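Data block below; observations after.
Remember, it's a predicted structure, so these values are computed and weren't measured experimentally. Just the heavy atoms: all of them, side chains too, but no hydrogens, waters or symmetry mates, feed the values below. Indexing begins at 1, ligand by ligand and atom by atom, following the structure's order.
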Amino acid sequence: EGKIVTIGEILVEIMATTLGHGFLEAQTLIGPFPSGAPAIFIDQVGKLGHPAAIVSAVGDDDFGTVNLDRLKQDGVDVSAVAIHPGAATGSAFVRYRPDGGRDFVFNMRDSAAGRIDATPEAQAVLAEAGHLHVMGSGLPVPAVFGMVSASIPAIKARGGTVSFDPNIRVEMLRDPAGKAAFQTVLAATDLFLPSGEELSLFSGEADEGRAIAALLDAGVQEIVLKRGKAGASHFDRNGRTDVPGFVVEEIDPTGAGDSFGATFLVARRLGKPVEDCLRYANAAGARTVTVKGPMEGTSSFAELDAFIAATPVGAA
Ligand code: ATP
C-alpha cells in the first residue's frame, strides 16, 4: 500500500490568549504551534498509522525544527521537506474575536513555503505515492501546481487515487490562472472534500443537490461535504449518507477540516463502511476544535474510539 502524500506550506501559529480585535495593542501570546493546512492533514494521517509523506520547505530555524520534529514523531516521512538556509519558516499570528471570528497577521511573504520546489527528494516521494491529497492553499505557488499536475496522471496510471480539499481563499478563483488550476485538479479528483460555499463555487450550482449531481457528472467519484458542528455528508452515485457531528465546546476551530479529511481518507483506504469513515472523521474534527493549536488535537484511532464512546452526538 503506497503512501498518502501531500504538497504545501508548513508554518507556525502564534495565538493571543485574550479575545479582542486585531493586534494594535500588546498581547499575551502562546506558541509556536506547528501549522499549515497540508502539515495538519499529513500529521493526522501519520497519527492514524498510515504511511505518510509531505513535500514542503522550511527555513533553517527553530520554527522549521518544531514542525519537522512533530511530523517525524507522528510518523510522517519528511525526507522531501527542503531546509532553506536563506529563507525563514513562515508564521501566522491569530486573535479570536468575541463573535467567534478571527484576525490574522501572516508573515509568509518570501517565506520558505514560497520556495517549495521539485527537488530530487520531492520527485522520489511523489514517484512512489499511492494517493495524492491536493490542498488548494498551496496551488498558487507555481512549482506546487507544477508538481500536482505532473503527478496526477502518473499516480492514476499506477492505480493510485487523488483527493482534493479546495481550502479556498475566494481571491484565488477570481484569478483566471487560479481558476484553471482548480478545474484541472477537480477533473482528476476521486474524493472531493468541500465545506460551506465551496460546493457551489466549484460546481456553479447554488442548490446542494444540483451541485452534487454536477460534480458526480464531471467525474468526481465521492464527495464529502463538511458541515461544521452539524457533521458531514457523503455522496456518490449510489446515494447519500449523513452523519451528525459530536457535541463539544469549540476552543479553536483551526485544523478541523484538515484532520477531518485525513481521517476520512485513511478510514476509507482501510475499507471501512462510509458511515464509520464519517463518524471517525467527525470525531477527528471535533477533537481538533477542543484544543488550542491547529495540530495539537490530531488523533490516533485509539483516541478516536475513546472519544466516540464518551461524546454525545448532535441532532441529525
Ligand atoms: P477549517 O477550514 O476550519 O479547518 P473546514 O471549514 O474545512 O474547517 P468544518 O466543517 O468547519 O471544515 O469542520 C470540519 C469537520 O470538523 C466538521 O465536518 C465536523 O465533523 C468537525 N467540526 C468542526 N467544528 C466543529 C464543532 N464546533 N463541533 C463539533 N464538530 C466540529
### Query
Could you walk me through whether S259 and R287 pass the side-chain hydrogen bond (donor to acceptor under 3.5 Å, both in side chains) check?
CA-CA 9 Å; S259 55; R287 279 193 96 238; over 6 Å; no
### L48 and Y280: CA distance, side-chain angles, deciding distance, side-chain contact (heavy atoms from CB on, under 4.5 Å) verdict
CA-CA 11 Å; L48 294 175; Y280 273 123; over 6 Å; no
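At least one side-chain heavy atom of V266 sits less than 4.5 Å from a side-chain heavy atom of F301. Counting only heavy atoms from C-beta outward, the side chains of V224 and F192 never approach each other to under 4.5 Å.
Considering only non-hydrogen protein atoms, atom 8 (O) of ligand 1 sits nearest to G257 N, 3.3 Å. When hydrogens are left out, the protein atom nearest atom 29 (C) of ligand 1 is F246 O, 3.2 Å; that is the closest non-hydrogen contact. Closest to atom 3 (O) of ligand 1 among all protein heavy atoms lies P253 O, 3.4 Å. In this structure, atom 16 (O) of ligand 1 lies nearest to the protein heavy atom G285 CA, 3.3 Å. The protein non-hydrogen atom at the shortest distance from atom 17 (C) of ligand 1 is G228 O, 3.3 Å. Looking at atom 18 (O) of ligand 1, its nearest protein heavy atom turns out to be G231 O, 2.9 Å. The nearest protein atom to atom 15 (C) of ligand 1, hydrogens excluded, is given as F260 CD1, 3.7 Å; this is a heavy-atom distance. For atom 20 (O) of ligand 1, the nearest non-hydrogen atom of the protein is N282 OD1, 2.7 Å.
The environment of CD in Q183 is crowded: more than 12 heavy-atom neighbours from other residues, nucleotides or ligands sit within 6.0 Å. Few gaps surround CD on E250; more than 12 heavy atoms of other groups in view lie less than 6.0 Å from it. A 6.0 Å sphere centred on CZ of R210 holds no more than 12 heavy atoms belonging to other residues, nucleotides or ligands.
Of all atoms in ligand 1, numbered sequentially from 1 with element shown, those under 4.0 Å from a heavy atom of A286 are 21 (C), 29 (C), 30 (N). If you number the atoms of ligand 1 from 1 as listed, the ones under 4.0 Å from a heavy atom of E250 come out as 24 (N), 26 (C), 27 (N). Taking every heavy atom of R227 and a limit of under 4.0 angstrom, the matching atoms of ligand 1 come to 10 (O), 18 (O).
The residue from V289, T290, N167, D258 that puts a heavy atom closest to atom 24 (N) of ligand 1 is V289.
When heavy-atom distances to ligand 1 are checked against a 4.0 Å cut-off, K229 comes that close through both its backbone and its side chain. At a heavy-atom cutoff of 4.0 Å, ligand 1 is contacted by the side chain of V248 but not by its backbone. Contacts with ligand 1 closer than 4.0 Å are made by heavy atoms of both the backbone and the side chain of A256.
Distances between N or O atoms of S195 and those of ligand 1 include at least one value under 3.5 Å.
The pair R102-E13 does not meet the salt-bridge criterion, since no charged nitrogen lies less than 4.0 angstrom from a carboxylate oxygen.
Criterion: ILVMFWY side-chain heavy atoms under 4.5 Å apart, direct or through other members. Under it, I7 and I10 are not part of a common hydrophobic cluster.
There is a side-chain donor-acceptor pair under 3.5 Å between H133 and S163.
For the ligand labelled ligand 1, residue G255 lies inside the 4.0 Å heavy-atom shell.
With S151 as the fixed residue, the side-chain contact (heavy atoms from CB on, under 4.5 Å) test singles out one of V55, V162, L132: L132.
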